[in-house]
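Please read the structure below before turning to the comments.
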Amino acid sequence: MADFLGWLRDIEAKWQRAWRESKAFEPSPDPSREKFFITVPYPYSNGPLHIGHGRAYTIGDIIARYWRLKGKNVLFPMAFHITGTPILAFSERIAMGDERVISDYRHYIELYEGEGADVDAILESFKDPLRLATYFASKMMADFDAIGYSIDWRRRFHTGEPVYNAFVEWQYGKLRELGLITRGDHYVTYCLLHRQPEGEDDIQDADVNPVEIVEYTAILFRIEGTDEYLVASTLRPETLFGATNMWVRPEAEHVLVRFKGKKIYVTKEALVKLQHQHPGEDLEVLREGVRGEELLGRRVVTPLGDVIPVLPAEFVDPDVATGIVYSEPSDAPYDLAALWDLERDPSLLTRYGLDPSIMEEVRMRKIIEVPGVEGHHAEVVMREMGIRDQRDPRLEEATELVYKQQYYNGVLRVPDDRFDGLPVREAKEAVRDWLISEGNAFIFYELNRKAFCRSGGKIIVARITGQWFIDYSVPWWKERTRELVREMTILPEKYRKAFLDVIDWLERRPCARLRGLGTRLPFDRRWVIESLSDSTIYMAFYTIAHIIRREGIGKEKLIPEVFDYVFLGEGDAGEVSRRSGIPEGVLEEMRREFLYWYPVDLRNTGTPHISNHLSFFLFHHTAIFPREHWPRAITLLEVLIREGAKMSKSKGNVILLRDISRRYSADLFRFYIAFAANPDSVLDWREEEVARARGMLQKMVSYLEDSMAAKGGVDPHIRRWFISRFWGHLEAAEKAFSQMKIRNFAFELVKAVLDDLDYVSERRGRGEALVLLREVAPDWLRAVSPIIPHIAEEFWHRLGNEGFVSLERWPGPGTRYPEDEEMEDAVMGLEADLRDLIRVLGGGRRARIIVAAGWKREFLSRVSEGARPEEAAKGVPRELRAEAFRIASMIRKRRYEVPTRVPDQGEEIALIEGAREYLSRRTGLEIVVEREEDSDSPRAGNALPLRPAIHID
RNA sequence: GCCGGGGUGGCGGAAUUGGCAGACGCGCUAGAUUCAGGAUCUAGUGGGCAUAGCGCCCGUGCGGGUUCAAGUCCCGCCCCCGGCACCA
């Protein structure tokens, strides 16, 4: 075939059209048939999908088609997700004229529209985020169709549709009634430029260098003789016991503010953070523009009552926490280094009018004991590393080293019974809690690093008040969900543990934001339900979406009572009809449809969803639905990479789904996805392997074409062998499928059968292979149709069949002929042995094949029927008994495997005679068959049933 | 750090859960055939030793252990990947 892929694409388009026109995959409830409801999470429609997404949909479609073939009434629906900020953000950036985004989207549009389209007009329309979303949704539909997915598109929707909003509002009303929605404060990364929370996606480099929120303890130190406080921040409040002095950066700008009734000094940077972390609280600024040097030389009283001086240090960063720190040189390398600097160079003090004698007030104390560390820990480490001053960049490393050792092995040694003897990791929390409870400290949130949003705005930590949460920590809810996970099917099984761990780990989770597309919280309309939280039970909506659309039912009619009735069976259809204005019959139809299809039989998606979407999916089902409507199974896929590397836009190595039907072919893609890797391993898309897969399909098609009109005789043994193997492959495929080993499934169905056809071609000639293929073709086409439905459909019709192979039944079971399989294995083994001998001997002219004597067959027949080899050997005539025991010992050592049925000598001779021409052709030897009884070869005694002795001359 | 998943030939990766490790494929080697195409076909391919075959020894990150039998189970290490919560 000159242009195999071209031919494939043509038949693919043809059959896709035929399926669509005949509405082949639009199932309705049919109580006489078992249903199978499979879902794959809907895509987020902000741009074209790539083959990574395609893996889950393709495997999903293979599963859908398989169960359809097994006779189930299969529903495979799809919808589109538009909730959240990304679509909104892209739309806004297009409206703002962001060149990079515009160029990306222009490119996407060109990809789909081709020449002559008004790209600018379409781009212009994207200023409306909904238009952007629906544009890509419709393109995704076309992409999916072009891969041959058997989706029921009547049920599609997107998450911005008012009717969907009504559904989600109902869901959240339910969750609230159940007491699963709570409200409280929440700390987030917040952009000062945009004045809104911004997550990882909006922060520069956050994907590679993560931004985390860390908790400092901000401790109040009263300035002696005043009612004002310096507030120093620390990650290690337990070191307060060793505090020797305060550090202030001389040139930093500080402010005096009234906070929680006290007058406190912090840096001006810290003030902004305080304001965002304590919104709505009185934060009265009393003095501004206080330079750090003004504070130097004062004495402060620690919460422990010690009096310590305020000294200058340049390592103090005014933009970290409160911008002031206290010094604990025994355990903090930075502090010790700064003290050394001051001792070494008194001018650092005198320049601020401080008398160097102030250093005498600094009294280092050892408060943490670590086994094996003598003296001050910081000093020990710094001397080892050779660090001398506070500008040394290795101070970070030294700090980390000390902290690590102390965290694991350190014990606090202080004159305070409450804390003395506590391990460092416990002391830290104990001291912090004590300080806070006494009003001497508060928590100050800070980032682990400086961060800026993509537009350059500074990111800080802010408190969101009145944040709505879903409270996954509610014990009965967790327990119900655990029960579900323990009962349901999860494949591969190894992920079940991951689900249980996620359930344990989940606590409260914010479920709404103040920005983004989606559904508003019904009980607080300022908030939009966050995108992962509005997609947990939407599979239920598929069961009625087409009816809502068909009937033109609007949001206003979809009052909560409608969903109560349809999904929970609550209330009375007549009453609900009166209230909602939806005809009673329609309500009942929706109820029937839901009851028929629910629960979800299978949800298929990638492992990255375990810790979020899939767990929420399970949680929400157990909260809202009765047990009989909980999901039945989850199947999981690992990710897809390309040529060993992750696909990413920045690498420019993304293959779009759109390209599949143009650059490859639907069946080739499907086959490759199925064949390249099992779902639980990473699939590496490699062009060379794709070409290999194409070669296999081409070979398959070529066999099929040639077989269409094949007829003629076939060797009966070879026929039984082939037919038996064929059904064996189908059985193996079914078994593989049941374990989600899709690769093995594809292997058995395609490669294994092709290999057998090749073998028959070699053994008996291509003509016989084609006749055999013609015999099994209808069954083969049915079986492969889940993977390569277009090729299957094409040849199914060429064979003169009516109707779609896609709607046929899985074939079999067929007749197996284990003896023929075993006998042919013997021929293969014989060939291999002959080849070995030629290699060892360096050649040969003639091979005498000596088949085992009759007495061995009688003896071994008894073994194959279940007798123990030694027992059976006893029945052998005395003069042969030694030989029989030798064979028995071989059997026990697995040096010889007894055939399941030992053929008689005549049969075995016929077998080898039948293979003589083949063996001769393959080995270049003349083949002669002899009986052991008649042979004068010294090797004749080696002969065993189906393992003849060989004598080469 | 916490939670999870993994370390098997030159490479990607198999091993029905304790039962002949390396399936399948890539690559490589040799041969055949043909150049109308990214070729195709045949044989070999973990290391070592042997050889009239249907063998022997060693080998699954490291160190111990259980067992007739361990890639698989147990104990202790090392390394890699993913996730860690207003992100679709």
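Computed from a predicted structure; not experimentally measured. Just so it is clear: chains get the letters A, B, ... in the order the sequence lines come, proteins before strands, and each one is counted from 1.
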Output yes when at least one side-chain N/O atom of A:R839 is less than 4.0 Å from OP1 or OP2 of B:A43, else no. no
How long is the line joining CZ of A:R947 and C1' of B:G53, in whole Å? 10 Å
Is the backbone of A:E507 close enough, under 3.5 Å, to the side chain of A:K478 for a donor and an acceptor to pair up by distance? no
Within the 4.0 Å heavy-atom criterion, would you say A:R515 contacts the bases, only the backbone, or no part of the nucleic acid? nothing
When you compare B:C80 with B:G61, how far apart are their P atoms, in angstrom units rounded to a whole number? 16 Å
Give the rounded distance in Å between these two atoms: CD of A:E748 and C1' of B:C24. 11 Å
By the 4.0 Å heavy-atom rule, please label A:T83 as base, sugar-phosphate, or nothing. sugar-phosphate
Going by salt bridge (charged side-chain N to carboxylate O under 4.0 Å, His left out), A:E530 matches just one of A:R520, A:R515, A:R513, A:R509. Which one? A:R509
What is the nucleic acid contact for A:L532, judged by heavy atoms within less than 4.0 Å: base, sugar-phosphate only, or nothing? base
What nucleotide, of B:G38, B:C24, B:A85, holds the atom closest to the side chain of A:R509? B:A85
Give the rounded distance in Å between these two atoms: CZ of A:R692 and C1' of B:C41. 11 Å
Should B:G44 form a Watson-Crick or G-U wobble pair with both distances under 3.5 Å, which nucleotide is its partner? B:C28
Separation of the P atoms in B:G46 and B:G25, to the nearest angstrom: 14 Å
Testing B:C20, B:G4, B:C86 for proximity to the side chain of A:K497, the answer is B:G4
Base-pairing mate for B:G63 - Watson-Crick or G-U, with both contacts under 3.5 Å: B:C75
Base, sugar-phosphate, or nothing: which does A:L944 touch, judged by heavy atoms less than 4.0 Å apart? nothing
Would you indicate what A:H613 reaches in the nucleic acid, counting non-hydrogen atoms under 4.0 angstrom: base, sugar-phosphate, or nothing? nothing
For A:N942, report the nucleic acid contact type (base, sugar-phosphate, nothing); a contact means any heavy atom under 4.0 Å. base
Is A:A512 touching bases, backbone alone, or none of the nucleic acid, heavy atoms closer than 4.0 Å? base
Whole-Å distance, A:R686 CZ to B:G25 C1', equals 8 Å
Identify whether any heavy atom of A:T85 sits under 4.0 Å from a base atom; if not, whether one sits that close to sugar-phosphate; answer base, sugar-phosphate or nothing. sugar-phosphate
I want to check one thing: is the phosphate of B:C86, taken as OP1 and OP2, less than 4.0 Å away from some side-chain N or O of A:H186? yes
For the pair made of CD in A:E507 and P in B:C86, what is the distance, rounded to whole Å? 12 Å
Give me the distance, rounded to whole Å, that separates B:A32 from B:G47 when you measure between the C1' atoms they each carry. 30 Å
With nearest nucleotides of RNA chain B determined for A:Y187 and A:A498 from heavy-atom distances, which residue corresponds to the more 5′ nucleotide? A:A498
Looking for any heavy atom pair under 4.0 Å, which part of the strands does A:S681 touch: base, sugar-phosphate only, or nothing? sugar-phosphate
Do NZ/NE/NH1/NH2 and the carboxylate oxygens of A:D471 and A:R508 come within less than 4.0 Å? no
I'd like to know if A:R743 reaches the base of B:C24 with its side chain, counting only an N/O donor and acceptor under 3.5 Å. yes
Would A:R449 and A:E212 pass as an ion pair if we require N to O under 4.0 Å? no
Integer angstrom distance from the P of B:U45 to that of B:C84: 47 Å
Please state the P separation for the pair B:U17 and B:G13 - nearest whole angstrom. 23 Å
Quickly work out the A:E689 CD to B:G25 P distance and round it to whole Å. 10 Å
Grab the CG-C1' distance between A:N448 and B:G1 for me, whole Å please. 13 Å
For A:Q467, report the nucleic acid contact type (base, sugar-phosphate, nothing); a contact means any heavy atom under 4.0 Å. base
Contact class for A:N612 vs. all strands (heavy atom < 4.0 Å): base, sugar-phosphate, or nothing? base
For B:C20, what is the paired nucleotide under Watson-Crick or G-U wobble rules, both distances under 3.5 Å? none
Is the A:F617 to A:H609 ring centre distance short of 6.0 Å? no
B:G9 glycosidic torsion: syn (within 90° of 0) vs anti: syn
Please state the C1' separation for the pair B:G6 and B:C87 - nearest whole angstrom. 26 Å
Of the candidate nucleotides B:A43, B:C87, B:C24, which contains the atom at the shortest distance from the side chain of A:P86? B:C87
Could one point to a donor on the side chain of A:D833 or the base of B:G53 with an acceptor on the other under 3.5 Å away? yes
Does the gap between the ring centers of A:Y664 and A:Y672 come in under 6.0 Å? no
Strictly by Watson-Crick or wobble contacts shorter than 3.5 Å, is anything paired with B:C2, and which nucleotide is it? B:G83
Counting side-chain heavy atoms from CB outward, which of B:U42, B:G38, B:A85 is closest to A:L506? B:A85
Between CG on residue A:L830 and CZ on residue A:R947, distance to nearest 0.5 Å: 11.5 Å
Hey, is the side chain of A:E198 pairing donor to acceptor with the base of B:C86 inside 3.5 Å? no
B:U72 versus B:G18 - spacing of their C1' atoms, nearest Å: 7 Å
With a non-hydrogen cut-off below 4.0 angstrom, is A:E638 in contact with a base, only sugar-phosphate, or nothing? nothing
Applying a 3.5 Å limit to both distances, which nucleotide forms a Watson-Crick or G-U wobble pair with B:U33? none
Less than 4.0 angstrom between a side-chain N/O of A:K741 and OP1 or OP2 of B:A15, yes or no? yes
Between B:C86 (P) and A:D534 (CG): distance, integer Å: 16 Å
Looking at the side chain of A:R835, which of B:C20, B:G44, B:C87 is the nearest nucleotide? B:G44
Pick the P atom in B:G22 and in B:G76, then give their distance to the nearest Å. 32 Å
Across all strands shown, which nucleotide pairs with B:A50 by Watson-Crick or G-U wobble geometry, both distances under 3.5 Å? none
To the nearest 0.5 Å, tell me how far A:R603 CZ sits from A:I634 CD1. 8.5 Å
Would you call A:K735-A:E731 a salt bridge at under 4.0 Å N-O? no
Base, sugar-phosphate alone, or nothing: which one does A:A677 contact when heavy atoms must sit under 4.0 Å apart? nothing
By the 4.0 Å heavy-atom rule, please label A:R848 as base, sugar-phosphate, or nothing. nothing
Cation-pi geometry met for A:R766 and A:Y703 (6.0 Å, 45°): yes
Identify whether the glycosidic angle of B:U8 places it syn (within 90° of 0) or anti. anti
Ranking B:G38, B:U42, B:G53 by distance to the side chain of A:L837, first place goes to B:G53
